[in-house]
Amino acid sequence: MSNNDTLLPANFIRQIVAADLKSNKHNGRVATRFPPEPNGYLHIGHAKSICLNFGIAMENNGICNLRFDDTNPEKESIEYMESIERDVQWLGFKWSGLHHASDYFEQLYDYAVQLIQQGLAYVDSSTPEQIRANRGTLTEPGIASPDRERPIAENLELFQRMRAGDFADGQYVLRAKIDMASPNINMRDPTIYRIRRVHHHRTGDVWCIYPMYDYTHCLSDALEGITHSLCTLEFEDHRPLYDWVLEQLQTPCHPQQIEFARLQLEYTIVSKRKLNQLVTEKHVSGWDDPRMPTLAGLRRAGVTPKAIRDFCERIGLTKQNSWIEMGVLEYCIREDLNENALRAMAVLDPLRVVIENYPDDQTEQLEISNHPQRPELGKRTVPFAKTILIERDDFAENPPAKYKRLVLGGEVRLRGSYVIRCNAIIKDDDGIITELRCSYDPDTLGKNPEGRKVKGVIHWVSETDSYPAEVRLYSRLFAVPQPDNEANFLTALNPDSLEIIHNCRIEASLADAQAEQRYQFERTGYFCLDTVDSIDGKRVFNRTVTLRENWEKD
RNA sequence: UGGGUCGUCGCCAAGCGGUAAGGCACGGGGUUUUGAUCUCCGCAUACCAAGGUUCGAAUCCUUGCGACCCAGCCA
């Protein structure tokens, strides 16, 4: 038994694979695949499936393919395909083979011909409406199409002519001949080929007939030698059809389909249709808007691949429909960022502080640790001067109970610097505080003052040796836990999901912040440079997640 | 009221007949130049319900109840 068996939590799929390995069901092979349809960007729900499929393969020295389920060219595109490849790699996985269902179109066609020859498929001229009407209902059996007993030779000729383009779109379909009375509606002679004159992003105009998912997926799995075909719960009813197709045809193998519950995350949606709607109706800036649950969005927000992988492991894997609280994802993000993000100071809402007893033209280059628990991450230089900026709400004229920041006549520690005392408040004509006059204790750099305790610590930047920046504070995109349950999910959008702050000041070391670097703006949250809008010297930072807040804000 | 699937702590989730793991959340204590981190402690006599089998049941059986999925020429 390897270490993995003791370190990784048990789940029912790991158990099935382990049992199959033990019984030598697939001659010791484990082969999985991640099979997205390229009709949208990958989201956090796909991450669960990616981690599962690639994870199962890696844990067992198996292989995992990336396969595009590109059988419906109407909705698919190259852009989506490219984004999917990019996102899977970013998440940290490397596929064994890169395949497309469209690679198998010729073989799929040949298999269909075999089905016809075996009397197990027929060309139907019924209209979509007739097919639906004759399918029966959940409680009543369907009735046979008049074409169901069409002679094999005729089916063969018609199917060949469907491919040749002799017929109009929709004029005929190829149907599997199974059981119109089956209690499982998927088995009531499902359509397996339709005529559609649509340009396919990979096969161009070579085909005018396209195979359906149920027919394509099982055969693609078999052709790739997949051992465990993992999919979500809604396909449980399709498993009999998956197995039926493979049982009728001579295929390289017969993979086992196993279903698991898809991810449902509170305060978000993972419906590609709805995500697409958010993009096209401009409720967000794009598929990579940092509020989107897409991998591209999470990446731009500063979430790390490691955090997402950790999340996918923590949430477990079962067949139970369940809702994961946002707190779990946030915990995973903070855990990684707390350990690895460089600390820095940024003042979001600056208030000027003049230190009256500090020399006018003096500037000190203070050395401050990049990480309080990890000295190996080094130090940075932060300039300190007579005039500094602090966070406006780190001062209170009328402090609430237990307030431990700066108050008139009180002391506070400037992080990595001196202890200062507030001596006076200066206001403008409207009564707005414009400046604080303070004094510093020169004997408090790197040590605590004697004879008294200074509880509060606040962050700051030098007024002259700091830089302007735009900071974008993101919070949950939706205001309700289950937006999908709303009559119209758009009404559940959180109007305050983005707050843009223009006049922030960041410490000098942040001037050359790198795109991939994650920072903790101390006492504020985790941030990273926005890769899209930080241009021409303009610095834009995205908040990935706040720091945990254990105290009651007033 | 056809078929499929699922019901263990607020949210996830182990458990696979021998007497309820763990994580998140939450509450409380300690450390701390981030109200962060870290750390210690607490948190299901109880497993949808009711019967039954057994020395022993969350685990087996029976009957209920509840939830989710399926009637695309989507995947």
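Remember, predicted model here, so these are calculated numbers, not experimental data. Residue numbers start from 1 in every chain, and the chains themselves are labelled A, B, ... in the order their sequence lines are given, proteins ahead of strands.
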Visitor: Examine the base of B:G10 for any acceptor or donor lying under 3.5 Å from a partner atom in the side chain of A:Glu325, and report the outcome as yes or no.
Guide: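 Between B:G10 and A:Glu325, which were checked side chain against base, a qualifying N/O pair under 3.5 Å is present.
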
Visitor: Taking the six-membered ring where the residue is Trp, are the ring centres of A:His200 and A:Phe105 under 6.0 Å apart?
Guide: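 Yes, the ring centres sit under 6.0 Å apart.
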
Visitor: Say you pick atom C1' in B:A21 and the same atom in B:C12; how far apart are they, in whole Å?
Guide: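 The answer is 14 Å between these two C1' atoms.
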
Visitor: How do A:Arg415 and A:Pro183 order along RNA chain B: which one's closest nucleotide is nearer the 5' end?
Guide: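 Its nearest nucleotide lies further toward 5', so the answer is A:Pro183.
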
Visitor: For the side chain of A:Gln373 and the base of B:U37, is some donor closer than 3.5 Å to an acceptor across the two?
Guide: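 Per atom types, the contact qualifies.
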
Visitor: Using the six-membered ring wherever Trp is involved, compare the ring planes of A:Tyr109 and A:Tyr193 and label them parallel, tilted or perpendicular (cut-offs 30° and 60°).
Guide: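 Taking A:Tyr193 first and then A:Tyr109, their aromatic rings stand perpendicular (interplane angle over 60°).
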
Visitor: Under 4.0 Å, counting only non-hydrogen atoms across every strand here, what does A:Gly327 touch: a base, just sugar-phosphate, or nothing?
Guide: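 The residue A:Gly327 makes sugar-phosphate contact but no base contact.
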
Visitor: Mind checking if A:Val328 touches a base, just sugar-phosphate, or nothing, with heavy atoms under 4.0 Å?
Guide: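 A:Val328: backbone/sugar contact only, no base atoms under 4.0 Å.
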
Visitor: Contact class for A:Lys272 (heavy atom, under 4.0 Å): base, sugar-phosphate, or nothing?
Guide: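 Counting heavy atoms under 4.0 Å across all strands, no contact is made by A:Lys272.
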
Visitor: Any N or O donor-acceptor pair linking the side chain of A:Arg405 to the base of B:G35 at under 3.5 Å?
Guide: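 Check passes, donor-acceptor contact within cut-off.
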
Visitor: Taking the same atom, P, in B:A57 and in B:A46, what whole-Å distance lies between them?
Guide: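 Approximately 15 Å lies between the P atom of B:A57 and that of B:A46.
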
Visitor: Taking only the C1' atom of each, what is the distance from B:A49 to B:U37 in whole angstrom?
Guide: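 Result for the C1' pair: 46 Å, nearest Å.
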
Visitor: Have a look at A:Lys319 and say if it touches a base, only the backbone sugar-phosphate, or nothing, with a 4.0 Å heavy-atom cut-off.
Guide: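 Here A:Lys319 touches the backbone only, sparing every base.
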
Visitor: Give the ring-plane orientation class for A:Tyr41 versus A:Tyr80, where under 30° counts as parallel, over 60° as perpendicular and anything between as tilted.
Guide: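 Because their plane-to-plane angle is over 60°, the rings of A:Tyr41 and A:Tyr80 count as perpendicular.
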
Visitor: Looking at the base of B:C24, is there any donor atom on it, or on the side chain of A:Arg314, that sits under 3.5 Å from an acceptor on the other one?
Guide: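 Per atom types, no contact qualifies.
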
Visitor: Given the C1' atoms of B:C69 and B:U59, what is the spacing between them in whole Å?
Guide: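 So the two C1' atoms sit 27 Å from each other.
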
Visitor: Between the base of B:U34 and the side chain of A:Gln520, is there any donor-acceptor pair under 3.5 Å?
Guide: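 Present.
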
Visitor: Quick one: A:Asp179 CG to B:G3 C1', roughly how many Å, whole number?
Guide: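 These atoms are roughly 12 Å apart.
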
Visitor: Confirm from the modelled atom types if A:Asn550 and B:G35 form a donor-acceptor pair under 3.5 Å, side chain to base only.
Guide: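 No.
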
Visitor: Mind checking whether A:His100 and A:Phe68 have parallel, tilted or perpendicular rings, split at 30° and 60°?
Guide: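 Ring orientation of A:His100 relative to A:Phe68: parallel.
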
Visitor: Looking at B:C70, does its base get a donor-acceptor pair with the side chain of A:Glu236 below 3.5 Å?
Guide: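 Absent.
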
Visitor: Would you say the base of B:U34 and the side-chain of A:Arg523 have a donor-acceptor pair closer than 3.5 Å?
Guide: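 Donor-acceptor pair under 3.5 Å: no.
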
Visitor: What is the separation between atom CD on A:Glu129 and atom C1' on B:G72, rounded to the nearest whole Å?
Guide: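 These atoms are roughly 12 Å apart.
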
